[in-house]
Amino acid sequence: MFKTLFSLLAVTLLCFGESSAQEISVIQNTSNRQITSLNGSWKYIVDPYDNGYYSYRYTPRSDGFFKDAKPKGPSDLVEYSFDKSQTLHVPGDWNSQNDKLFFYEGTIWYRKLFDYQLPEGKRLFVHFGAANYKARVYLNGELIGTHEGGFTPFDFEITDKVKAKGNDLVVMVNNNRHLDAIPTVITDWWNYGGLTRDVDLVEVPSTFINNYKVQLDPEANRTVKTHVQLDGSQPGEEITLDIPELKIQKMIKTDASGTADFEVKAGKNMTYWSPKNPKLYTVRIRSGQDTVSDQIGFRTIATQGTDILLNGQPVFLRGICIHEEAPLREGRAYSDEDARVLLTWAKELGANFVRLAHYPHNEHILKMADKMGIMVWSEIPVYWTIQWDNQQTLNLAKQQLSEVITRDQNHASIILWSMANETPRSDQRLKFISSLAQHTRDLDNTRLVTAALELKYADKNTLLINDPLGKYLDVLGVNEYIGWYDGPPAKADRLSWKSIYNKPMVISEFGGGAKYGNHGPDNERWTEEYQAEIYRHQTKMLQRIPFLAGMNPWILQDFRSPRRQLPDIQDFYNRKGLISDRGFKKEAYYVLQDFYQKLKEQSNN
Ligand code: GCB
């Protein structure tokens with residue numbers, strides 16, 4: 001059985017938004033469900049010509065690698081074999097697991113065998129945390145679904161296809177870059193391919209809680225708003241919300257579409273989530289045989305003039321950008337442990353905020369940020385050059401937004417949804433991104449909308465924020481590289497900033513490159529001294545900007561990039577990290593740490 005047609009087609013008046021938007025059907029909070037992990041060793045076949053998919057006439061084959069065929073006798077011709085192939089670890093990108101795959105872009109076929117005894121009346125889904133970039137998923141030789149987009153979750157129901165013994169799950173993953181995709185062909189990060197996040201079998205009752213949102217109503221004081229969407233339900237099913245510590249228990253019936261929307265007033269004793277006190281409440285939702293439990297923090301986030309208000313109080317975002325790369329090994333980050341190390345470094349730096357650049361990161365880091373009290377900027381890879389006129393591309397961007405919002409809408413840590421990074425001004429781009437902003441607000445009005453804009457000079461000494469996109473944003477993100485791509489570090493001393501908007505601005509990037517251990521004068525590129533000098537001048541300049549509400553220097557750690565080739569310095573790393581790829585702190589780390597220490601002393605977050 002596929003997910004009920006009903007839930008797939010449900011166009012729901014979404015949680016606390018103003019107008020309707022398509023609800024994405026993906027099971028939320030899988031780690032708190034009944035799961036069987038399929039992580040571990042998977043057999044794989046490298047297929048640069050898509051030979052396992054296309055015939056020599058370039059038509060799809062009916063006997064492709066998804067059949068996992070074996071010769072039936074000595075005369076039988078089968079020109080591939082999963083059984084005889086090597087293995088890759090899942091989760092994990094392929095590039096960092098085998099030297100020969102370091103630069104590989106194309107198709108890899110993965111195979112996992114498993115047994116599963118599905119009890120009568122239960123349903124089973126195979127859930128992928130992410131697969132970069134396109135995935136075609138087959139079970140026992142049959143296609144069960146496809147997905148596009150490298151950083152968001154998806155699942156397919158296999159209730160009627162799973163066997164008690166000998167299931168054969170094959171996934172064709174392809175990470176070729178495309179002009180009309182999100183992201184497109186040029187990025188300043190590694191195009192890690194593969195099953196980069198957890199893969200699980202999720203067992204649920206025949207009617208189950210597919211999606212829920214339990215958040216404070218931004219419009220009403222201490223009101224907990226709840227939205228629940230059941231899958232497989234009859235109208236009028238009972239739903240119970242339980243927050244024992246707040247003595248909240250509320251029972252309600254779903255409407256004809258299996259949805260329930262309701263609100264409950266929390267008492268005065270409710271503690272708001274904040275970096276100082278990242279209080280999480282155990283929240284339980286029950287319906288029939290299904291119970292989902294979560295740890296949810298309650299907070300509000302809003303703007304007032306040029307301030308960002310957390311729980312009604314102005315907050316300055318002391319941030320740092322992070323790519324989803326493993327801190328202490330090569331490749332994509334995917335674990336709780338990776339998240340702990342990255343966020344501990346950010347915390348030691350004095351940060352209360354991180355920008356998870358440039359695409360949705362894995363869920364482990366959001367859970368960790370909730371627990372550690374770190375506010376998060378989350379974004380989709382609408383980066384640099386996108387086909388602004390292409391409706392399909394816009395749909396894809398919206399789909400990625402829907403998927404990440406559905407997955408993360410209960411994480412208190414996320415305060416900002418970012419629509420795009422450094423996109424060139426044009427009418428088409430304005431239409432595209434403003435429509436993403438509207439889509440985001442339709443799905444979630446408990447967070448603010450931002451984008452990382454490019455800088456404009458009004459004259460030689462004045463920077464002016466006047467990008468027309470600013471009109472559609474709550475918070476203006478601005479990337480600038482004064483001292484690196486834009487003049488020497490001391491140039492920052494003579495600049496003043498103006499904005500046509502009465503809105504908060506966050507410097508979403510600044511920085512410069514240094515190779516750890518490379519020392520020299522502070523005007524010599526790639527030395528730690530030069531990088532530290534940029535941070536000294538930048539931090540002085542930033543203090544003079546009246547509408548500055550936060551900052552996210554670029555970046556916590558050196559990261560892989562195919563665009564950074566300089567031998568002995570870059571060697572395919574972007575070196576703007578404050579910490580080296582091996583985990584060593586550079587001089588600039590300490591400059592920023594001192595600055596954040598001073599800011600911290602002046603604030604209560
Ligand atoms: C940027 C981009 C970021 C790059 C960075 C750089 O403006 O947003 O993705 O990595 O500059 O290092 O040039």
Side-chain angles (χ1 to χ4, degrees), residues 132 150-151 177 181-192 319-325 332-333 342 354-361 377-386 416 418-425 429 433 450-457 463 465 467 469 473 475-489 492 505-516 525-528 530-531 534-535 538 542 550-566 569-581 586 588-589 592:
N132 192 36
F151 303 97
R177 288 167 288 127
I182 304 281
T184 176
V185 288
I186 299 181
T187 61
D188 190 23
W189 70 81
W190 209 260
N191 181 24
Y192 291 113
I320 188 73
C321 292
I322 298 182
H323 257 299
E324 192 190 39
E325 285 207 354
R332 276 250 171 276
L342 290 168
V354 291
R355 174 180 178 198
L356 300 182
H358 278 302
Y359 37 76
H361 288 212
W377 158 316
S378 169
E379 68 189 83
I380 55 162
V382 173
Y383 182 90
W384 287 354
T385 55
I386 294 286
L416 286 167
S418 177
M419 305 294 99
N421 181 74
E422 288 185 354
T423 49
R425 297 179 190 201
R429 165 267 203 172
I433 303 179
T450 190
L453 308 173
E454 288 183 320
L455 205 58
K456 266 247 145 94
Y457 279 84
L463 295 157
I465 317 293
D467 188 325
L469 183 57
L473 308 176
V475 173
L476 310 162
V478 173
N479 292 358
E480 49 97 351
Y481 279 90
I482 298 153
W484 187 253
Y485 300 124
D486 178 7
M505 178 183 80
V506 169
I507 293 289
S508 33
E509 285 179 32
F510 75 81
K515 172 107 186 251
Y516 170 74
R525 294 263 178 182
W526 309 113
T527 60
E528 288 194 39
Y530 189 105
Q531 188 189 36
I534 293 177
Y535 276 74
Q538 282 273 353
L542 296 182
M551 54 197 270
N552 266 320
W554 189 254
I555 184 172
L556 185 66
Q557 191 176 18
D558 291 350
F559 61 97
R560 285 283 184 197
S561 169
R563 304 180 76 244
R564 309 290 174 174
Q565 291 104 332
L566 185 65
I569 297 285
Q570 293 177 314
D571 301 311
F572 292 105
Y573 278 102
N574 182 315
R575 294 290 182 198
K576 296 191 188 69
L578 295 175
I579 301 180
S580 77
D581 55 298
K586 306 180 195 172
Y589 178 97
L592 186 63

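Remember, it's 1-based here, ligands and their atoms both numbered in the order they're listed. Note that the coordinates shown come from a computational prediction; the quantities given were computed from them, not determined experimentally.
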Trainee: With respect to Trp384, determine whether any N or O atom, backbone or side chain, lies less than 3.5 Å from an N or O atom of ligand 1.
Mentor: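 Looking only at distances, the answer is no, because the N/O contact criterion of under 3.5 Å is not met.
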Trainee: Please determine whether any non-hydrogen atom of Arg564 lies less than 4.0 Å from an atom of ligand 1.
Mentor: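 Yes; Arg564 lies near enough to ligand 1 that a heavy-atom distance drops under 4.0 Å.
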Trainee: If we only consider heavy atoms of Tyr481, is any one of them less than 4.0 Å away from an atom in ligand 1?
Mentor: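 Distance cut 4.0 Å: Tyr481 passes for ligand 1.
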Trainee: Tell me which protein heavy atom sits closest to atom 13 (O) of ligand 1, plus the residue, atom name and distance to 0.1 Å.
Mentor: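 Residue, atom and distance for the closest contact: Tyr485 OH, 2.5 Å.
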Trainee: Output the list of atoms in ligand 1 that are nearer than 4.0 Å to some heavy atom of Glu422, sorted by atom number.
Mentor: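 Selected atoms, number and element: 1 (C), 2 (C), 7 (O), 8 (O).
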Trainee: Going by distance alone, is a donor N or O of one side chain under 3.5 Å from an acceptor N or O of the other, for Tyr359 and Asn132?
Mentor: no
Trainee: Closer than 4.0 angstrom, basic N to acidic O: yes or no for Arg564 and Asp188?
Mentor: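 So Arg564 pairs with Asp188 through a salt bridge.
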Trainee: What's the shortest distance from atom 2 (C) of ligand 1 to any protein heavy atom, and which residue and atom give it?
Mentor: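 Minimum-distance protein heavy atom for atom 2 (C) of ligand 1 reads Glu509 OE1, 3.2 Å.
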Trainee: Run the salt bridge (Lys or Arg N to Asp or Glu O under 4.0 Å) check on Arg355 and Glu509 step by step: do they pass?
Mentor: CA-CA 9 Å; Arg355 174 180 178 198; Glu509 285 179 32; 2.9 Å; yes
Trainee: Would you say the rings of His361 and His323 are close, in the sense that their centroids are separated by under 6.0 Å?
Mentor: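 No - the distance between ring centres of His323 and His361 does not fall below the 6.0 Å cut-off.
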Trainee: State which residue, out of Arg575, Gln557, Arg560, fulfils the side chain to side chain donor-acceptor pair (under 3.5 Å) condition with Asp581.
Mentor: Arg575
Trainee: Which of the numbered atoms in ligand 1 are below 4.0 angstrom from a heavy atom of Asn421?
Mentor: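 It comes down to these atoms of ligand 1: 2 (C), 8 (O).
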Trainee: For atom 12 (O) of ligand 1, which protein heavy atom lies nearest, and how many Å away is it?
Mentor: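 Here the closest protein heavy atom is Lys576 NZ, 2.6 Å.
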Trainee: For atom 4 (C) of ligand 1, what is the closest protein heavy atom, and at what distance to 0.1 Å?
Mentor: Asp188 OD2, 3.2 Å
Trainee: Relative to the heavy atoms of Phe559, which atoms of ligand 1 are at a distance of less than 4.0 Å?
Mentor: 10 (O)
Trainee: Can Asp558 and Ser580 be said to form a side chain to side chain donor-acceptor pair (under 3.5 Å), step by step?
Mentor: CA-CA 5 Å; Asp558 291 350; Ser580 77; 5.4 Å; no
Trainee: Kindly state whether the ring of Trp484 and the ring of Tyr530 have centres lying under 6.0 angstrom apart.
Mentor: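 Trp484 vs Tyr530: aromatic centres under 6.0 Å.
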Trainee: Hey, does Ile482 have a side-chain heavy atom less than 4.5 Å from the side chain of Leu463?
Mentor: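 In contact.
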Trainee: For Tyr383, state whether at least one heavy atom is located under 4.0 Å from any atom of ligand 1.
Mentor: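 Yes; Tyr383 lies near enough to ligand 1 that a heavy-atom distance drops under 4.0 Å.
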Trainee: Which atoms from ligand 1 have a heavy atom of Asn574 less than 4.0 Å away?
Mentor: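 Near Asn574, the atoms of ligand 1 are 6 (C), 10 (O), 12 (O).
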